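Read the structure below first, then the notes.
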Amino acid sequence: MNSGENIIEVSGLRRRYGPRGSGGFEAVAGLDFTVRRGELFALLGTNGAGKTSTVELLEGLERPTGGRVRVLGHDPYRERAAVRPRIGIMLQEGGFPSDLTVTETARMWAGCTTGARPVAEALEAVGLTGRAGVRVGRLSGGERRRLDLAMALIGRPEVLFLDEPTTGLDPEARQRTWQVVRDLRDAGTSVVLTTHYLEEAEALADRLAIMAHGRIVVSGTPAEVTASRPARIRFRLPDGVTAAQLPVLAPEAGDDGRVEIRTTGLQDTLTGLLLWARERGVELAGLDARSASLEEAFLDIARDDAHGVHPGARPGDAPGTAYREARPAEPAAHPEPQNGATVR
Ligand SMILES: Nc1ncnc2c1ncn2[C@@H]1O[C@H](COP(=O)(O)OP(=O)(O)OP(=O)(O)O)[C@@H](O)[C@H]1O
């Protein structure tokens, strides 16, 4: 369910640690995004990109040093009393007392919450019914994560913040958590998720943003974000053909004769190659063509970031440009996306 109503609005958001001026450090350096009702928005980025700092601003735990954030129409820092009862927060470490049982913890938490779900329902949702009488200190790491989630959703939040919710979970528990999150989203809860698991973002996110150095580098639906990155075509050069003779820009073949072409116009580049091969009567052995995965898009951005390259568009790049795989000292080649993704 996604009603189109903006539940979170962020513009020019900044968070600086330390003193103003050159001595401080700007962890959030001017963000703009919105999250709609019933939408799951994932914030991705390498360690230190600024995800947690951003989420803390949305949760009202910190005051922005610049820009504006509204959650459910309120300033979450100044109007915390209005916002807090309507949001659920799952931090990286829940920190519940270890000597209380799961049920006691849930009862205590429900007692501080207006309109709380029944404790049994919250525990059932995360698969902890069978562990209800166990002390928190005796839970496994994954079970504690599930308790954290149960406590975040017990107040029937309109907005749920999930900070790496499936870290330490086994595959079955992860799938269960994903289903809980999907069900909440489908019932109209807006979810802001930070995760290092790209398959998690791909499986859950309606829209996502990849951050680097406090800025959003690319945002859009998972499909838009992956389509904003070059696709790859791989094959072995036919005997007697050099890479320079191909109808598209291609790097030198490796020792095994394999070439890899990167292109933002997969269909056109592939069509050109196939027509060329047919006209010449040669086979492109081992031909494999695929769009970038979210992981490749992420790694591409992280690589550019590590080399200090601004990952935005390079003026003059045309759609369909085929890129060489190795791009040593040269600035990164990312053309304007031909889809809804926003690349900055
Ligand atoms: N209280 C603080 N004082 C000074 N610097 C801080 C503080 N909190 C965070 N930082 C710095 O701000 C940057 C962003 O940190 P943040 O925790 O927001 O990143 P993140 O994307 O959530 O990283 P991770 O994926 O590792 O959790 C980091 O360089 C971090 O060292």
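Note that the numbering runs from 1 along the sequence shown for the chain. If you're wondering where the values come from, they're calculated on a predicted model, not measured in any experiment.
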* **ring-ring contact (aromatic ring centres under 6.0 Å, His included) partners for Phe33, two or more places apart** => Phe41
* **side chain to side chain donor-acceptor pair (under 3.5 Å): pairs with one or both residues in residues 235-250, sequence neighbours excluded** => Thr242-Gln245
* Lys/Arg-Asp/Glu bridge criterion (N-O < 4.0 Å) met for Asp206, Arg185 -> yes
* Asked: What residues, two or more places apart in sequence or in another chain, satisfy ring-ring contact (aromatic ring centres under 6.0 Å, His included) together with Trp178?
  -> none
* Pairs involving residues 230-252, ordered by first then second residue, that meet ring pair (Phe, Tyr, Trp, His ring centres under 6.0 Å) (sequence neighbours left out) -> none
* Structure fact -> So ring pair (Phe, Tyr, Trp, His ring centres under 6.0 Å) across residues 203-222, not counting sequence neighbours, yields none
* Asked: From Arg229 CZ over to Thr264 OG1, what is the distance, rounded to the nearest 0.5 angstrom?
  -> 11.5 Å
* Can you tell me which residue pairs pass the side chain to side chain donor-acceptor pair (under 3.5 Å) test with a partner in residues 58-73, sequence neighbours excluded? => Arg15-Glu62
* Could you verify whether a donor N or O on one side chain and an acceptor N or O on the other, from Ser11 and Asp32, lie under 3.5 Å apart? => no
* Asked: With a 4.0 Å cut-off, would you call Arg290 and Glu296 a salt bridge?
  -> no
* Asked: Shared ILVMFWY cluster between Leu284 and Leu275, side chains joined below 4.5 angstrom?
  -> no
* Asked: Mind checking what makes salt bridge (charged side-chain N to carboxylate O under 4.0 Å, His left out) contact with Glu200, not counting sequence neighbours?
  -> none
* Please check if the side chain of Arg16 supplies one atom and the backbone of Gly66 the other of a donor-acceptor pair under 3.5 Å. => no
* To do: Mind listing the closest non-hydrogen atom pair of Val102 and Arg131 along with its distance?
  => CG2-O, 3.3 Å
* Asked: For Arg80, which residues count as a salt bridge (charged side-chain N to carboxylate O under 4.0 Å, His left out) partner, sequence neighbours excluded?
  -> none
* **Glu143 and Arg138 ion-paired at < 4.0 Å** => no
* Asked: Pairs in or reaching into residues 253-279: which pass ring pair (Phe, Tyr, Trp, His ring centres under 6.0 Å), with residues at least two apart or in two chains?
  -> none
* Asked: Taking only residues two or more places apart in sequence or in another chain, which ones pass salt bridge (charged side-chain N to carboxylate O under 4.0 Å, His left out) with Arg258?
  -> none
* **Sequence neighbours excluded, every pair satisfying side chain to side chain donor-acceptor pair (under 3.5 Å) that has a member inside residues 106-129** => Arg117-Glu121, Glu124-Thr129
* Asked: Does Arg84 have any salt bridge (charged side-chain N to carboxylate O under 4.0 Å, His left out) partners at least two apart in sequence or in another chain, and if so, which?
  -> none
